[in-house]
Amino acid sequence: MNVTTRMALQIIPENLRNEPVFLCIDDTMIAKFGQKFECASKLFGHASHNGSNYLNGHCFVSLMLCVPVWKKNRIIYQSVPLGYCMWTKEVSKLELVADMICTIMPELAQKHQVLLLFDSWYAKAPLVCLADKYKNLDIICNARYDSAIYDLPQAPTGKRGRPAKRGKRLSLIDGFSLSAEKIGDYYIGVRKVLTNIFGDRYIHAYVTAANKTTETRRLFFSTITPESIHMACAWQEKAPLNQTCSEWMQYVPLFVYSFRWNIEVSYYEQKNFWSLSAYMIRSKKGIETLINLINISYCAMKILPYKDETFSQYKDSSAQEFRLALSQQINQQVIFASFVKNVETTIKSNALIKAIKSALFSFGYYG
């Protein structure tokens with residue numbers, strides 16, 4: 001994981017070294033049939049497509065690093081998955097993720113800003129405490145709508161007795177004033193609060209609503225203030241980050257949270273185009289080794305256009321397009337290597353035919 005982290009950091013251009021980098025965490029499930037796979041169990045999956053909310057298989061916790069690069073005079077964030085760890089119910093997912101973050105944070109010690117992004121399931125004390133452990137690490141996360149949030153304590157009145165540590169409890173409906181107009185697709189409200197999750201630390205809470213009349217609202221927390229995010233917003237590729245006028249600057253942490261979706265895209269690409277879920281190994285150690293080997297190959301593909309000028313044309317290509325181009329070039333190399341190896345004074349036709357058949361078979365053109 002540390003090697004992949006170092007490789008990802010090397011592709012950051014010199015003039016973007018001060019831009020923040022993002023760490024995204026999430027988990028994904030892979031369905032398996034039968035009882036021969038070690039550590040396979042019945043898992044709850046809200047996104048299962050098998051007609052049930054449960055599936056039999058494995059759950060993997062993963063960590064992704066997003067680093068800034070240039071794309072046609074605009075800044076984009078290239079996503080590099082760092083590794084996978086199988087969850088076995090013996091250790092909680094929170095502990096697994098915390099260990100993974102602690103493993104790679106020394107590699108990010110030179111970065112002045114690292115922003116950790118995750119959804120509401122991970123917004124719990126064992127993970128959010130990392131923001132206090134590392135000075136350059138801050139958290140922007142989704143939270144449960146029923147999370148307890150409180151107003152800031154009142155200033156001391158001079159009266160006897162210990163002053164309250166917190167103000168009154170806030171409601172998502174009445175406790176936040178939404179923006180006059182939609183920002184992107186939502187009305188947004190923000191205020192500084194205290195929470196049970198973050199203890200005595202003052203944080204920013206954001207509330208979003210599709211319309212002002214609905215009671216369905218989403219809640220987000222940020223340990224970093226908007227003005228402390230050293231990000232060249234005007235150079236960002238996508239809205240609304242590149243449209244942050246002075247009135248919108250207070251919402252920058254919420255806009256940054258959208259980068260967490262990159263880890264979902266990575267799961268889709270690896271499962272559909274890199275056979276991440278096609279393993280047939282039974283042991284836990286073997287499965288984890290194979291999964292991470294596939295991940296390293298996928299990461300190498302993501303990094304290659306920025307490290308080798310020969311492949312720079314594929315910076316904007318999709319994962320499947322670049323993978324196909326790489327596989328074609330590899331197969332050409334195999335054909336030429338086999339051809340040259342078997343050439344003497346005359347061509348050995350049998351060896352040549354065998355090499356061609358091997359290449360066609362790998363493309364799926366030969367039965």
Side-chain angles (χ1 to χ4, degrees), residues 18-27 61-68 75-77 79 82 94 97-98 100-101 104-105 108 111-145 147 149 172 176 179 183-186 188-199 201-209 217-233 236 238-244 248-266:
N18 291 328
E19 292 288 304
V21 297
F22 307 130
L23 283 176
C24 308
I25 58 177
D26 205 352
D27 55 84
V61 176
S62 69
L63 184 64
M64 169 181 278
L65 177 65
C66 300
V67 295
I75 299 173
I76 65 168
Y77 273 81
S79 306
L82 301 181
L94 294 170
V97 169
M100 295 172 77
I101 293 172
I104 64 113
M105 277 308 293
L108 301 174
K111 294 297 298 180
H112 71 285
Q113 274 190 351
V114 181
L115 302 180
L116 181 60
L117 315 176
F118 49 83
D119 62 20
S120 59
W121 193 94
Y122 289 92
K124 298 178 177 65
L127 190 57
V128 300
C129 67
L130 294 178
D132 297 322
K133 184 176 182 180
Y134 299 101
K135 293 182 179 180
N136 64 331
L137 180 67
D138 276 287
I139 291 173
I140 303 174
C141 67
N142 187 207
R144 287 173 56 99
Y145 70 92
S147 298
I149 53 177
L172 300 190
F176 290 81
S179 55
I183 300 174
D185 296 327
Y186 299 96
I188 303 176
V190 58
R191 67 184 300 171
K192 190 177 290 187
V193 301
L194 287 165
T195 68
N196 292 337
I197 299 173
F198 290 92
R201 181 169 185 164
Y202 291 3
I203 63 170
H204 281 74
Y206 294 84
V207 169
T208 63
R217 299 190 177 185
R218 298 183 67 194
L219 176 64
F220 300 84
F221 293 143
S222 172
T223 63
I224 188 169
T225 59
E227 57 272 15
S228 298
I229 299 180
H230 303 296
M231 196 172 189
C233 294
Q236 295 295 317
K238 295 182 179 180
L241 258 181
N242 58 10
Q243 300 174 1
T244 47
W248 286 18
M249 285 303 297
Q250 59 180 328
Y251 307 124
V252 167
L254 186 61
F255 301 155
V256 166
Y257 178 78
S258 63
F259 286 103
R260 194 207 70 85
W261 181 252
N262 292 356
I263 199 169
E264 304 289 352
V265 177
S266 172

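This structure is a prediction, so every number in the text was calculated from the model and none was measured. When reading the values below, keep in mind they use all heavy atoms of this one structure, side chains included, and skip hydrogens, waters and symmetry mates. We number each residue from 1, following the sequence as shown.
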How far apart are the closest heavy atoms of [X] and [Y], and which atoms are they?
| X | Y | answer |
| --- | --- | --- |
| S228 | T225 | OG-OG1, 2.6 Å |
| K192 | H204 | CE-CE1, 3.8 Å |
| I75 | P68 | CG2-CB, 4.0 Å |

[X]: what forms a side-chain contact (heavy atoms from CB on, under 4.5 Å) with it, not counting sequence neighbours?
| X | result |
| --- | --- |
| S62 | Y84, I263, Y267 |
| K238 | none |
| Y145 | L172 |

A side-chain contact here means heavy atoms from C-beta on lying under 4.5 Å apart; do [X] and [Y] qualify?
| X | Y | value |
| --- | --- | --- |
| L82 | M100 | no |
| M249 | P226 | no |
| M231 | L241 | yes |
| F221 | S147 | yes |

Can you tell me how far the [atom1] atom of [X] sits from the [atom2] atom of [Y], to the nearest 0.5 Å?
| X | Y | atom1 | atom2 | result |
| --- | --- | --- | --- | --- |
| S179 | I188 | OG | CD1 | 6.0 Å |
| Y186 | R217 | OH | CZ | 13.5 Å |
| S79 | M64 | OG | CE | 4.5 Å |
| Y77 | Q236 | OH | CD | 5.5 Å |
| L23 | I101 | CG | CD1 | 6.5 Å |

request  = Mind running side chain to side chain contact (heavy atoms under 4.5 Å, CB included) on C233 and W248 for me, showing each step along the way?
outcome  = CA-CA 11 Å; C233 294; W248 286 18; over 6 Å; no

inquiry  = Please determine whether side chain to side chain contact (heavy atoms under 4.5 Å, CB included) holds for the pair L194 and Y202, giving the CA-CA distance in whole Å, both sets of side-chain angles, and the decisive distance to 0.1 Å.
reply    = CA-CA 5 Å; L194 287 165; Y202 291 3; 3.2 Å; yes

Which pairs of donor and acceptor atoms, one on a side chain in residues 253-260, lie under 3.5 Å apart (sequence neighbours left out)?
from: Y257; atom 1: OH; to: F118; atom 2: O; distance (Å): 3.4
from: Y257; atom 1: OH; to: R260; atom 2: NE; distance (Å): 3.4
from: S258; atom 1: OG; to: F255; atom 2: O; distance (Å): 2.7
from: R260; atom 1: NH1; to: D26; atom 2: OD2; distance (Å): 3.0

query = So which pairs with a foot in residues 114-125 pass side chain to side chain donor-acceptor pair (under 3.5 Å), sequence neighbours left out?
reply =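 Counting only pairs at least two positions apart or across chains, the side chain to side chain donor-acceptor pair (under 3.5 Å) contacts touching residues 114-125 are D27-Y122.
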
task = Could you tell me whether the side chain of Q250 and the main chain of V190 form a donor-acceptor pair under 3.5 Å?
result = no

Per-pair distances, 0.1 Å, donor-acceptor, side chain in residues 125-143, under 3.5 Å, sequence neighbours excluded:
from: D132; atom 1: OD1; to: R201; atom 2: NH1; distance (Å): 3.0
from: N136; atom 1: ND2; to: L108; atom 2: O; distance (Å): 3.0
from: N136; atom 1: ND2; to: K111; atom 2: O; distance (Å): 2.8
from: D138; atom 1: OD1; to: R201; atom 2: NH2; distance (Å): 3.3
from: D138; atom 1: OD1; to: T223; atom 2: OG1; distance (Å): 2.8
from: N142; atom 1: OD1; to: R218; atom 2: NH2; distance (Å): 3.3
from: N142; atom 1: ND2; to: L219; atom 2: O; distance (Å): 2.7

